[in-house]
Structures are given as structure tokens and as C-alpha cells.
Amino acid sequence: MRIAHPTTRFFQARVLISSATHSRPSTKSLSFSLPPRHSRTPVANMSKTTNISVQDDDKFGFKRDEMYKTNLAGTVDPYDRHVFLSFKGPDDWLPRVEDSETDLLPKLLSSALKNRKNDITVKTKMTICGGGDGTDGDVLIFPEMIKYKGLKDSDVDGFVDDVLVNGKPWASGVQEVLTGSHVFVCAHGSRDKRCGVCGPVLMDKLNEEIESRGLKDQIFVSPCSHVGGHKYAGNLIIYSPDSEGKTMGHWYGYVTPSDVPALLDQHIAKGEIIERLWRGQMGAAPEEGAKGDAEKLPNGKKEKKRKKHEESNGQVNKEIVGGCCQGANGVSCCQDGSSDATAEKKLKEPKGTCGLSSWIASLEQRNVLTGVAVIGAVATVAVAYSVYRRSG
């Protein structure tokens, strides 16, 4: 099943922004069109333009001072499922979309999730993504990769109960399967201007690069509301299958237009994480996200220290031989030299081979002593009898 691909809108500027060189524009302002709502907003609403001064670009755009100042790994709160509600577009969203008193659907769904929190066994995150052109009310769910169309205010409670609480198909809707990779770019300008400046430019660049690669039917780009971490703008989330076909959700921050080709060619095409931009992933706690997957840890300074520590511990363990206990005839009952195995075997010693060996050794010692005593007694009786015969 294919989601309608956004209409590409090219960046219109009186200056060119070069993220690679970060050269300062030669004119005082640049102008670009805000992205359409999920890039599918009616044409009548697409004429709005925003003028961004060079000063604002330095403060809110890709050249702001805070860029690359924070280690990004581990900046994603833990969650295991992501629900996106398609609803209008960034230029219509309030700073908190779910607080709208006129557009109730986001508020109703957010409230239902909070009210049923204790009944929902899978830790679920909700975000608004761009709608328009008949897609308002569509619900996309990851990692399940499913979509339900046309959720209405009156449907919310039943939808949450069926799908999110009980894990069943929605009784009042038709479940569709999502395919391809889905990129959600935070463009929530009313919540934070940094996202409002960076998000639209990233979407334009993504759509441009996707189209040039002929991947419009495989990679889909949508604006989304606040995902946390405005200071890391540009922020985006990529939901795509890994080498085993499992859908993964990876978060990136400090993304600039010059990073887009790598995200498409390395992350989506090859499953390679862009370490310096990686914030975390779905299904991992922050501390786990900071460590990452083996060699794929983004911002790998902590990983290198951890690996050195593990290698050091491993070397020490390899040098330990035996030492936990000794059985009969000097045979060790330990199978390896690790301290963990030693402790475990000590705990199990009464039932293990060490205890048995010690018991056998003790038994053998008692038998020897008993034998010696018996022989001594027999010898004593023999001597006494001999003396008795002589005296008789």
C-alpha cells in the first residue's frame, strides 16, 4: 500500500545556503515557501511565504552556535510504539496541537491515550503529522507498519480500545499495510522557531534527493509536530526495515541539507547508522540507546571506553585458571576461570561436583582411620592372646 507522495516544492531563495561550507550569504535575507501540509495542502493555502533574515538564520537555522555542542546519543525517551495522526499542517498547528479547542481530534486521541495508559501494555508515543487532501484522521502505527483511514472524533474511544489496548484490528475501520521507508521531519514552527526554520528546508532537500534517485514510491516524507529536543533541530525520525525486515525507528538531530544524501544512501539503503547525528531508537531506554548496537553506536566515545573496559576485564578473566575449588586428586571442578562462574559454582557447591568430591575425600579419610583402628584392635587382641597362652 502506498501513501500519496508529497508534492515537491523547491527551495526558493535569493541566496544559496551551503551546509557543507557554512558560508555566509551575501544578501540580507532569503525567502522560501513553507511546506504544504504533509505537502498535500490545497493550493489556495500554499502562497504564504516567510522571509528569514540572516540574523535569524544564524540564530535559528543550521549555522546557529549550539549546533554540534551536545552528545546526541541517549536523548530519546524510551518507547515501543509510535502512533502518528495525520492532521492539517505545520502552519495550522498550535504550539501544543492537542490543546486546540476547535480542532478536537488530536485532543481527543491524546486524552484517550492518557486515560487508558495503564491498560496499554506497549509504551506508546503519539505525534501529529501532516494531513490535508482527504488524509486528515488517517492513523499510521509503527513498528506494526499499519494504517487506518479517516478516524473521526466519535471513533476515538473505540479505536484506542480495539487497536492500542487489546491489539486487535479496528472494528470500524479497514487496516492497510504500509510499505517502504517513512521519514518524519519536525517542522513545528509555532512550538519552536528552530524547527520551523530547519524542518521545511530539510523536507525540500529530502524530496529533491528522493526524486533524483527515483525512489518516490519507496521513501515518503512528512512534516511532524514536536518530538522533543528543539535544540537539536533539524530533527527527524526514520522508520524503515532492517536487514531482517524488522521495522526500526531511528532518531537523528543536527541534520542539515548536506546530510540528506548520507541518510538516504547509508541509513535507508544500507542500514548504516550515521553516528555523529544519531539520537536513539525505538525500543531502547536512553542509557541503552547511548550504548547502541555493538559497532553501530552513534557518538561512539562512550562505546570505545566501554569496549576497552570490557576487553580489559576479558583479559583478566582469561588469565584466571581454576581457583574456585579443588576436588579429589587435585582435579578442579571449575569449567572456566571467570569470576562470575566462580561465584555461581560456589553458590551451588553443596549440590555440585565440588561438594561431592569433598564429601568423598572426607569419607575416604574416615574409612582409612577406621581401618587403622580395626587393625590396631586386632593386633592388640592377638598380643593379649599370645601372652595368655604362654602364661597357661
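Hydrogens, waters and symmetry mates play no part in the numbers below; they use all other heavy atoms, side chains included.
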Determine whether L72 and W251 make a side-chain contact, defined as any pair of heavy atoms from C-beta on separated by less than 4.5 Å. no
With a 3.5 Å cut-off and sequence neighbours excluded, list the donor-acceptor pairs that the side chains of residues 158-170 form with protein atoms.
{"from": "D161", "atom 1": "OD1", "to": "R116", "atom 2": "NH1", "distance (Å)": "3.3"}
{"from": "D161", "atom 1": "OD1", "to": "R116", "atom 2": "NH2", "distance (Å)": "3.2"}
{"from": "D161", "atom 1": "OD2", "to": "N166", "atom 2": "ND2", "distance (Å)": "3.4"}
{"from": "D162", "atom 1": "OD2", "to": "A171", "atom 2": "N", "distance (Å)": "3.1"}
{"from": "N166", "atom 1": "ND2", "to": "D161", "atom 2": "O", "distance (Å)": "2.8"}

A187 and P90 have their tightest heavy-atom pair at O-CB, 3.4 Å
So if I apply the side-chain contact (heavy atoms from CB on, under 4.5 Å) rule between N235 and each of V227, L277, V255, which one comes out positive? V227
By salt bridge (charged side-chain N to carboxylate O under 4.0 Å, His left out), which residues pair with D157, not counting sequence neighbours? none
Nearest heavy-atom contact between K88 and D136 is N-OD1, 2.8 Å
Decide yes or no for D259 and R276: does some side-chain heavy atom of the first lie under 4.5 Å from some side-chain heavy atom of the second? yes
Testing the basics here: between M203 and S222, what is the closest heavy-atom pair and its distance to 0.1 Å? CE-C, 4.1 Å
Listed partners of R81 passing side-chain hydrogen bond (donor to acceptor under 3.5 Å, both in side chains), at least two apart: T124
Where do V97 and S225 come nearest, in terms of heavy atoms and distance? CG2-CB, 4.2 Å
Those residues that, when tested against T102, pass side-chain hydrogen bond (donor to acceptor under 3.5 Å, both in side chains) (two or more places apart): S100
So, H188 side chain and K193 main chain: donor-acceptor pair closer than 3.5 Å or not? no
Return the set of residues passing salt bridge (charged side-chain N to carboxylate O under 4.0 Å, His left out) with R64 (not counting sequence neighbours), or none when no residue passes. E66
For H267, ring-ring contact (aromatic ring centres under 6.0 Å, His included) partners two or more places apart: H250, Y252
Please set out all donor-acceptor pairs under 3.5 angstrom arising from side-chain atoms of residues 236-245, sequence neighbours excluded.
{"from": "Y239", "atom 1": "OH", "to": "Y79", "atom 2": "OH", "distance (Å)": "2.8"}
{"from": "Y239", "atom 1": "OH", "to": "H82", "atom 2": "ND1", "distance (Å)": "2.6"}
{"from": "D242", "atom 1": "OD1", "to": "E244", "atom 2": "N", "distance (Å)": "2.9"}
{"from": "D242", "atom 1": "OD1", "to": "G245", "atom 2": "N", "distance (Å)": "3.0"}
{"from": "D242", "atom 1": "OD1", "to": "K246", "atom 2": "N", "distance (Å)": "2.8"}

Counting C-beta onward and ignoring hydrogens, is there a side-chain heavy-atom pair between P261 and R213 closer than 4.5 Å? yes
Heavy-atom closest pair (P106 atom, I128 atom, distance to 0.1 Å) is CB-CD1, 3.9 Å
Kindly assign one of parallel, tilted or perpendicular to the pair F84 and F142, based on the angle between their ring planes and the thresholds 30° and 60°. perpendicular
Sorted by chain and number, sequence neighbours left out, ring-ring contact (aromatic ring centres under 6.0 Å, His included) with F87 holds for none
Excluding sequence neighbours, so at least two apart, what forms salt bridge (charged side-chain N to carboxylate O under 4.0 Å, His left out) with E98? none
With distance as the sole criterion, is a donor-acceptor pair present between the side chains of Y148 and E176 under 3.5 Å? no
With sequence neighbours excluded, residues passing salt bridge (charged side-chain N to carboxylate O under 4.0 Å, His left out) with D155: none
Sequence neighbours excluded, the answer for side-chain hydrogen bond (donor to acceptor under 3.5 Å, both in side chains) partners of K107 is E101
Atom CE of M145 and atom OG1 of T247: how far apart are they, to the nearest 0.5 Å? 4.5 Å
Under the 3.5 angstrom rule, does the side chain of R279 hit a backbone N or O of T75 as a donor-acceptor pair? yes
Sequence neighbours excluded, which residues qualify as side-chain hydrogen bond (donor to acceptor under 3.5 Å, both in side chains) partners of S181? none
4.5 Å side-chain heavy-atom contact, R191 and R96: yes
